[in-house]
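Just so you know, these numbers use all the heavy atoms, side chains as well, and skip hydrogens, waters and symmetry mates. Indexing begins at 1, ligand by ligand and atom by atom, following the structure's order.
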Amino acid sequence: MSDLFSKFDDLIALREGLLSSGMTDPFNLVMEKVESPTVAICNGKRTILLGTYNYMGMTFDPDVIAAGKQALDEFGSGTTGSRVLNGTYVGHRACEDALKEFYAMDHAMVFSTGYQANLGIISTIAGKDDYIILDIDSHASIYDGCAMGNAQIVPFRHNDIEALEKRLKRVPEGAGKLVVLEGVYSMLGDIAPLKEMIAVSKANGAMVLVDEAHSMGFIGENGRGVAEAQGVIDDVDFIIGTFSKSVGTVGGFCVSNHPKFEILRLVCRPYVFTASLPPSVVATAATSIRKLMHGADKRAHLWENSKRLHAGLRQLGFTLGTDEPQSAIIAVIMPDLEKGAAMWEALLEEGLYVNLARPPATPANMTLLRCSLCAEHTGDQVEEILGMFAAAGRATGCI
Ligand SMILES: Cc1ncc(COP(=O)(O)O)c(C=O)c1O
């Protein structure tokens with residue numbers, strides 16, 4: 001019998017090698033208690049959270065929690081059904097209404113996760129004879145959506161407008177074309193030149209889908225994302241987003257002005273063939289989304305935090321993913337996995353949680369310590385974080 005697990009042997013050996021030195025497993029941390037959007041207890045110790053993508057800190061918002069509790073009492077713990085059968089409650093519709101208002105768009109469709117939103121929308125609108133032109137650094141859910149729909153995949157170099165244009169011009173005449181972009185790329189925290197890329201896409205007859213998972217709630221005057229900030233949101237055909245970051249719960253969505261959009265509810269398999277979100281989750285999401293419409297002060301504070309951390313880390317001598325802070329993600333580039341893992345553990349011992357990221361998730365084989373800031377981090381916490389980076393960096397020889 002051949003062992004189907006043998007393909008994982010290299011990864012198992014790498015992992016065992018790292019863990020045999022006695023280090024904590026960076027991919028198996030348990031949060032014993034979560035006190036707020038910025039503090040948890042890990043290994044019995046107060047730990048500042050700097051790797052949760054909880055950008056707007058909505059997870060402990062009293063109105064959000066109250067809405068969830070009320071829905072739990074009134075509608076029970078789950079729907080036990082698909083959206084197209086018994087799984088659409090008033091709360092799911094209310095959540096879609098909140099999204100339509102938030103984005104000022106005609107249609108909104110809520111999925112059980114952001115992963116499923118990309119999987120569902122991309123695989124349903126782009127089929128076997130269609131072409132998907134996408135940034136090579138796209139999220140796994142985008143690639144999986146392309147594969148599921150069996151479309152022709154044409155990747156282009158990250159954020160390269162000319163490369164996108166060249167690929168578009170090579171697509172056979174008359175073929176369906178979908179350009180897939182992200183507002184913020186979550187590995188390095190850099191933003192896309194959406195204005196130029198969308199102009200090039202439209203000039204070449206393509207529809208455009210933008211995943212704004214890491215910009216919703218924070219970037220743009222109304223928190224609608226990078227497309228809003230760059231003044232091109234009206235040219236985007238589909239925006240994909242998630243509730244698992246700024247919204248502070250779980251779920252995914254697509255919003256659009258396409259006149260035939262509603263048909264997707266009948267033909268999109270990751271929407272039809274899975275259970276819908278629990279009523280408490282859609283109630284927390286809808287409340288959070290409505291509050292994010294009035295989140296200008298929080299957005300301003302989050303920008304301050306991002307700038308402060310970026311400048312402080314640079315001053316300490318760390319190499320960062322972007323020259324300027326472009327989002328709420330700041331990526332610290334580590335020389336290799338061993339140093340990255342050692343630094344990750346030293347930070348945890350200091351009382352700071354960040355994300356360790358390694359290939360294949362990262363571009364160009366990089367090992368990264370990804371920091372995601374929260375609007376609820378205080379200025380003092382950011383200073384404390386910088387102190388922890390200084391101590392851990394010196395202890396591990398990273399600076
Ligand atoms: C760009 C992007 N799209 C989609 C997703 C999937 O979101 P969810 O956590 O809701 O499945 C993520 C999550 O990490 C993401 O970074």
Interatomic distance, Ile385 atom CD1 to Thr38 atom OG1 [nearest 0.5 angstrom]: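 Rounded to the nearest 0.5 Å, the CD1-OG1 separation comes to 8.5 Å.
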
* **Atom pair OG1/CZ of Thr274 and Phe111 - distance to nearest 0.5 Å** =>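 Between Thr274 OG1 and Phe111 CZ, I get 11.0 Å after rounding to 0.5 Å.
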
**OP:** Using the six-membered ring wherever Trp is involved, compare the ring planes of Phe218 and Trp303 and label them parallel, tilted or perpendicular (cut-offs 30° and 60°).
**Re:**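 Rings of Phe218 and Trp303: tilted, 30 to 60°.
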
Angle class for the His214/Tyr53 ring planes (parallel below 30°, perpendicular above 60°, tilted otherwise)?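 Ring orientation, 0 to 90° scale: perpendicular.
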
> If you look at every heavy atom in Ala390 and Ile399, which pair is closest and at what distance?
Replying inline: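 Between these two residues, the closest heavy atoms are O-CD1, 3.8 Å.
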
So which protein heavy atom does [atom] come closest to, and at what separation?
{"atom": "atom 12 (C) of ligand 1", "result": "His139 NE2, 3.4 Å"}
{"atom": "atom 9 (O) of ligand 1", "result": "Ser244 OG, 2.9 Å"}
{"atom": "atom 11 (O) of ligand 1", "result": "Tyr115 N, 2.9 Å"}
{"atom": "atom 8 (P) of ligand 1", "result": "Gly114 N, 3.5 Å"}
{"atom": "atom 16 (O) of ligand 1", "result": "His214 NE2, 2.7 Å"}

Checklist line | Of the listed options Asp211, Asp137, Thr242, closest to atom 4 (C) of ligand 1 (non-hydrogen atoms) | finding: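 The option holding the nearest heavy atom is Asp211.
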
Exercise. Relative to the heavy atoms of Asn118, which atoms of ligand 1 are at a distance of less than 4.0 Å?
Worked result: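 Once the distances to Asn118 are compared, the set is 3 (N), 4 (C).
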
Quiz item: Which of the atoms in ligand 1, numbered in the order shown and given with their element, are less than 4.0 Å from a heavy-atom of Gly251?
Solution: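 It comes down to these atoms of ligand 1: 10 (O).
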
Work out whether the distance between some heavy atom of [X] and some atom of ligand 1 is less than 4.0 Å.
{"X": "Gly252", "value": "no"}
{"X": "Lys245", "value": "yes"}
{"X": "Ser138", "value": "no"}

Exercise. Have a look at ligand 1 and work out which part of Glu182, if any, has a heavy atom under 4.0 Å from it: side chain, backbone, both or neither.
Key: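 Side chain only.
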
Is the contact between Ile142 and ligand 1 made by the side chain, the backbone, both, or neither, using heavy atoms and a 4.0 Å cut-off?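 Looking at Ile142 and ligand 1, no heavy atom falls under 4.0 Å.
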
message: Taking the six-membered ring of Tyr55 as reference, does the cationic atom of Lys245 (NZ for Lys, CZ for Arg) lie under 6.0 Å from its centre and within 45° of its axis?
response: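 Cation-pi check for Lys245 and Tyr55: fails.
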
*Lys128, NZ: over 12 other non-hydrogen atoms inside 6.0 angstrom*: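 At most 12 heavy atoms, drawn from other residues, nucleotides or ligands, come within 6.0 Å of this atom.
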
When you look at NZ of Lys100, are more than 12 heavy atoms from neighbouring residues, nucleotides or ligands closer to it than 6.0 Å?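 Yes, NZ of Lys100 has more than 12 neighbouring heavy atoms, counting only those of other groups under 6.0 Å.
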
Determine yes or no for a side-chain-to-main-chain donor-acceptor pair under 3.5 angstrom, with Asp336 supplying the side chain and Glu338 the backbone.
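Judged by distance alone, yes, a pair lies under 3.5 Å.
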
